[in-house]
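Worksheet: one structure, shown below.
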Amino acid sequence: MENPSPAAALGRALWALLLATLGAAGLPRGGESVCSARAPAKYSITFTGKWSQTAFPKQYPMFRPPAQWSSLLGAAHSSDYSMWRKNQYVSNGLRDFAERGEAWALMKEIEAAGEALQSVHAVFSAPAVPSGTGQTSAELEVQRRHSLVSFVVRIVPSPDWFVGVDSLDLCDGDQWREQAALDLYPYDAGTDSGFTFSSPNFATIPQDTVTEITSSSPSHPANSFYYPRLKALPPIARVTLVRLRQSPRAFVPPAPVPPSRDNEIVDSASVPETPLDCEVSLWSSWGLCGGPCGRLGAKSRTRYVRVQPANNGSPCPELEEEAECVPDNCV
């Protein structure tokens, strides 16, 4: 038997390396759990907005546009892909989505990741919610090599704020989880420096990483989520995933909060009331001192209410103050 030529041996080695690479595509990285569930699984995903004026009274958007949610965009993927991650920079596609709700570039990025390393199994989406409190839903499929789920929903209006889930694993060893529910909190994409829901475009240069918005961070009174009396913000949304059985008749989903017209959920007693303290301006300059000659006169200064109190927040202080003085021009 003839010995294979060096070229043939090199060809076999390259072919073996290629097969090994393709076989490893989509598998968890070292140190991560391996999903051994056999058949793919389907899930319903329900997004519930909890952005109400009761829970978030500060600067609550009432019009042009009112508080609402963008469409939901997500993917079922392996650990080789990341749609977004806290303390990391967002992609150009996610920047467009977080700032303007444009999904085209983000979808192209997801498709490219799926073609390059087979790291994305499927893309799913759900319609927008036209109010701060409402529901939207979709269905998705996962498989053992693509058991992670990520998605984003833009907060509208906002500079670049969103909610979402990063790489939620629906597989538990050799079986699929029956359901999963998570409270969602606002994140800043790190691409726009606006402080309020209706801030004009103000690009962050250089770009920052994704950070969670809390009741005290950013620590600026103008921030729309700044509630210094709270230890933590109430959840602004919630997501629930429920596994679907093959027979639709056998599936009994958990009872959702009954929606009203236009898919809006009416606030109930369970909605937390976030106290909003009164905020006033600085004092104006003192006015002229007036009064009769030979006697003390009076001068005054004023301030105005910047934020009206709500939900048993601290009331407003006095808006006018007087003090004795020597008259400038006595009469």
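On a predicted model such as this, the values are computed, not experimentally measured, just so you know. Any value given below was found using the heavy atoms of this structure, including those in side chains, with hydrogens, waters and symmetry copies removed.
In summary, E178 and R245 engage in a salt bridge, as defined by a charged side-chain N under 4.0 Å from a carboxylate O. D172 and R177 are not joined by a salt bridge, as no carboxylate oxygen comes within less than 4.0 angstrom of a charged side-chain nitrogen. Using a cutoff of 4.0 Å between basic side-chain nitrogens and carboxylate oxygens, E139 and K42 are not scored as salt-bridged.
Of the residues W84, F151, F97, the one that meets the ring pair (Phe, Tyr, Trp, His ring centres under 6.0 Å) test with F162 is W84.
Using a 4.5 Å cut-off between side-chain heavy atoms of Ile, Leu, Val, Met, Phe, Trp and Tyr, with links allowed through other members, L230 and F195 fall into different hydrophobic clusters. Y185 is not connected to V153 by any chain of hydrophobic side-chain contacts under 4.5 Å among Ile, Leu, Val, Met, Phe, Trp and Tyr, and they are in different clusters. Hydrophobic clustering (ILVMFWY, side-chain heavy atoms < 4.5 Å, transitive): W286 and L319 are in distinct clusters. Under the 4.5 Å side-chain heavy-atom criterion for grouping Ile, Leu, Val, Met, Phe, Trp and Tyr, L72 is connected to L182 within one hydrophobic cluster.
Between the D80 side chain and the S119 main chain, no donor and acceptor come within less than 3.5 Å of each other. Although no hydrogens or angles enter the test, the distance criterion places no donor-acceptor pair under 3.5 Å between the side chain of S150 and the main chain of M83. S36 contributes a side-chain N or O that, together with a main-chain N or O of G173, makes up a donor-acceptor pair within less than 3.5 Å. Within the 3.5 Å criterion, the main-chain N or O of G93 finds a donor-acceptor partner in the side chain of E109. A donor-acceptor pair under 3.5 Å is formed between the side chain of K58 and the backbone N or O of N223. Here the side chain of R303 pairs a donor or acceptor atom with the backbone of E318 at under 3.5 angstrom. In terms of modelled atom types and a separation under 3.5 Å, the side chain of Y43 and the main chain of V142 share no donor-acceptor contact. A donor-acceptor pair under 3.5 Å is formed between the side chain of T196 and the backbone N or O of S199. The backbone N or O of D192 sits less than 3.5 Å from a side-chain atom of T204, completing a donor-acceptor pair. When atom types are taken as modelled, the side chain of H146 and the backbone of A75 share no donor-acceptor pair closer than 3.5 angstrom.
Side-chain contact check for Y187 versus V152: every heavy-atom pair is 4.5 Å or farther apart. Contact of the D96 side chain with the L106 side chain is not registered, since no non-hydrogen atoms from C-beta on lie closer than 4.5 Å. Annotation: side chain of V239 is not in contact with side chain of L168 (no heavy-atom distance under 4.5 Å). Contact of the C35 side chain with the W176 side chain is registered, since non-hydrogen atoms from C-beta on lie closer than 4.5 Å. No side-chain heavy atom of L170 sits under 4.5 Å from any side-chain heavy atom of R243. Taking the side chain as every heavy atom from C-beta outward, S198 and R64 never approach each other to under 4.5 Å. The side-chain heavy atoms of S314 and P309, taken from C-beta on, include no pair separated by under 4.5 Å.
Closest of all the heavy-atom pairs between Q59 and A222 is NE2-O, 3.2 Å.
Separation of the W51 and F197 ring centroids falls under the 6.0 Å cut-off.
In this pair, W161 and F225 present their aromatic rings tilted. The plane angle is within the 30 to 60° band.
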